[in-house]
Amino acid sequence: RVAHNEERIAVQSAMVEEKPIISQYDKMFQEVGEQYDVDWLLLSAIARAESEFRFDVISKAGAVGLMQIMPSVARSMGYEREQLFDPRISAEVAAQLLHENNDMLRFPEEFNASERVMFILACYNAGYSRIADARRLARYHEESGDEWNIVATYLELLAVPEYVELEIVHSGAFYGSAETIAYVNRVMHIYNIYRHKIIPYI
């Protein structure tokens with residue numbers, strides 16, 4: 001499960017019957033989260049960070065909707081750009097991406113939950129291939145490829161030619177590490193606030 005929080009599962013269906021706790025999309029995120037095995041609070045945190053819960057936002061880079069999905073990514077999954085303005089579809093595409101990234105990372109079930117989420121968020125922002133390159137770089141230098149703080153330092157080095165030229169780097173140079181690291185920190189901060197906010201309802 002992406003961001004597994006067993007203690008909340010039993011109460012999710014009863015939590016948002018009348019007044020939303022996080023946003024007007026609480027119930028939708030719960031339903032999508034259950035469908036794709038993703039914590040609905042993580043989906044909520046991403047929506048807050050990406051669009052401030054607005055479904056009509058278009059970024060300078062062209063990302064669309066509630067979850068700021070790139071149209072090219074959506075098309076690869078069978079969705080058209082205009083569909084991304086639908087909050088439900090945007091949330092479903094995001095949940096699929098989170099779930100797929102979790103599967104590709106291949107962490108064991110007992111892997112640290114917070115570390116798992118940080119890696120998944122990094123993949124969501126930068127793409128799995130960039131994070132895979134950074135993990136390979138870390139291991140090449142005999143450091144852990146399973147600790148986000150270490151991998152983040154190697155993500156930064158993907159902008160340095162001498163590192164990019166190594167055979168283990170498959171996707172070329174990457175100049176967006178600062179954005180990705182800031183994104184992971186921001187979403188994790190919001191996610192942890194939401195997790196604490198839910199405690200009174202458990």
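Values below: all heavy atoms of this structure, side chains included; hydrogens, waters and symmetry mates excluded.
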Can you tell me how far apart CG (Leu97) and CD1 (Ile120) are? Round to the nearest 0.5 Å. 11.5 Å

Check for me whether Arg135 meets the cation-pi criterion with Phe119, that is, NZ or CZ under 6.0 Å from the six-membered ring centre and within 45 degrees of the ring axis. yes

Around atom OH of Tyr25, are there more than 12 heavy atoms of other residues, nucleotides or ligands at under 6.0 Å? yes

Answer yes or no: does atom CD of Glu52 have more than 12 heavy-atom neighbours from other residues, nucleotides or ligands under 6.0 Å? yes

Count I, L, V, M, F, W, Y as connected when their side-chain heavy atoms are under 4.5 Å apart, and connections chain through other members. Are Phe85 and Val57 then in the same cluster? no

At what distance, to the nearest 0.5 angstrom, does CD of Glu92 lie from CE of Met77? 10.0 Å

Test item: Lys197 side-chain N/O and Ile22 main-chain N/O as donor-acceptor pair under 3.5 Å: no

Reported CD1-to-OH distance for the pair Ile198 and Tyr194, which is rounded to 0.5 angstrom: 10.0 Å

Separation between CG of Leu41 and CD1 of Ile193, rounded to the nearest 0.5 Å: 12.0 Å

Sequence neighbours left out, what pairs pass salt bridge (Lys or Arg N to Asp or Glu O under 4.0 Å) with at least one residue falling in residues 74-83? none

Is Leu158 reachable from Tyr175 through a run of I, L, V, M, F, W or Y residues, each pair having side-chain heavy atoms under 4.5 Å apart? no

Worked check of side-chain contact (heavy atoms from CB on, under 4.5 Å) between Arg136 and Val169: CA-CA 7 Å; Arg136 281 191 290 269; Val169 175; over 6 Å; no

Mind listing the side-chain donor-acceptor pairs of residues 176-189 below 3.5 Å, one per line with the distance, residues two or more places apart or on another chain?
{"unit_1": "Thr180", "atom_1": "OG1", "unit_2": "Asn125", "atom_2": "OD1", "d": "2.7"}
{"unit_1": "Thr180", "atom_1": "OG1", "unit_2": "Gly176", "atom_2": "O", "d": "3.2"}
{"unit_1": "Tyr183", "atom_1": "OH", "unit_2": "Glu50", "atom_2": "OE2", "d": "2.9"}
{"unit_1": "Asn185", "atom_1": "ND2", "unit_2": "Ile181", "atom_2": "O", "d": "3.4"}

Any side-chain heavy atom of Leu121 within less than 4.5 Å of one from Ile46? yes

How close do Ser90 and Gly65 get, counting heavy atoms only, and between which atoms? OG-C, 4.3 Å

For residues Ile150 and Ser144, report the shortest heavy-atom separation together with the two atoms involved. CG2-O, 3.4 Å

Under the side-chain contact (heavy atoms from CB on, under 4.5 Å) rule, what do Phe29 and Leu66 come out as? Steps first, then yes or no, please. CA-CA 12 Å; Phe29 281 136; Leu66 185 68; 3.7 Å; yes

In short, Met28 meets Ala91 closest at the heavy-atom pair CE-CB, 3.8 Å

Might you point out which heavy atoms bring Ala95 and Val32 nearest each other, and give the distance in Å? CB-CG1, 3.7 Å

Start with the C-alpha gap between Tyr191 and Asp39, add the side-chain angles, then the distance that decides, and say whether side-chain contact (heavy atoms from CB on, under 4.5 Å) holds. CA-CA 10 Å; Tyr191 178 48; Asp39 187 353; 2.7 Å; yes

Apply the test side-chain contact (heavy atoms from CB on, under 4.5 Å) to residues Ile168 and Leu137: give CA-CA distance (whole Å), side-chain angles for both, the deciding distance (0.1 Å), then the verdict. CA-CA 7 Å; Ile168 56 170; Leu137 267 181; 3.9 Å; yes

Is a side-chain donor or acceptor of Gln68 paired with a backbone partner of Ala49 at a separation under 3.5 angstrom? no

Enter the distance from Leu84:CG to Ile89:CD1 here, rounded to the nearest 0.5 Å. 7.5 Å

Atom of Tyr163, atom of Leu157 and distance for their closest heavy-atom approach: CB-O, 3.4 Å

Tell me whether Asp26 contacts the main-chain N or O of Ile21 through its side chain, where contact means a donor paired with an acceptor under 3.5 Å. yes

Does the Asp133 side chain pair with the main chain of His170, one donor and one acceptor, at a distance under 3.5 Å? yes

Would you indicate whether Tyr140, at its atom OH, is surrounded by more than 12 heavy atoms from other residues, nucleotides or ligands within a distance under 6.0 Å? no

Looking at Met104 and Tyr128, what are the two nearest heavy atoms and their distance? O-OH, 3.4 Å

Geometric class of the Phe111/Phe107 ring pair [parallel <30°, tilted 30-60°, perpendicular >60°]: parallel

Kindly indicate whether the side chain of Leu98, heavy atoms from C-beta on, has any atom under 4.5 Å from the side chain of Leu43. yes

Heavy-atom side-chain proximity of Trp148 to Val117 below 4.5 angstrom: no

Side chains of Arg116 and Leu105 in contact at under 4.5 Å (non-hydrogen atoms): no

Do the side chains of Met67 and Tyr124 get nearer than 4.5 Å, heavy atoms only? yes

Short side-chain to backbone donor-acceptor contact, Arg139 and Ala134, under 3.5 Å: no

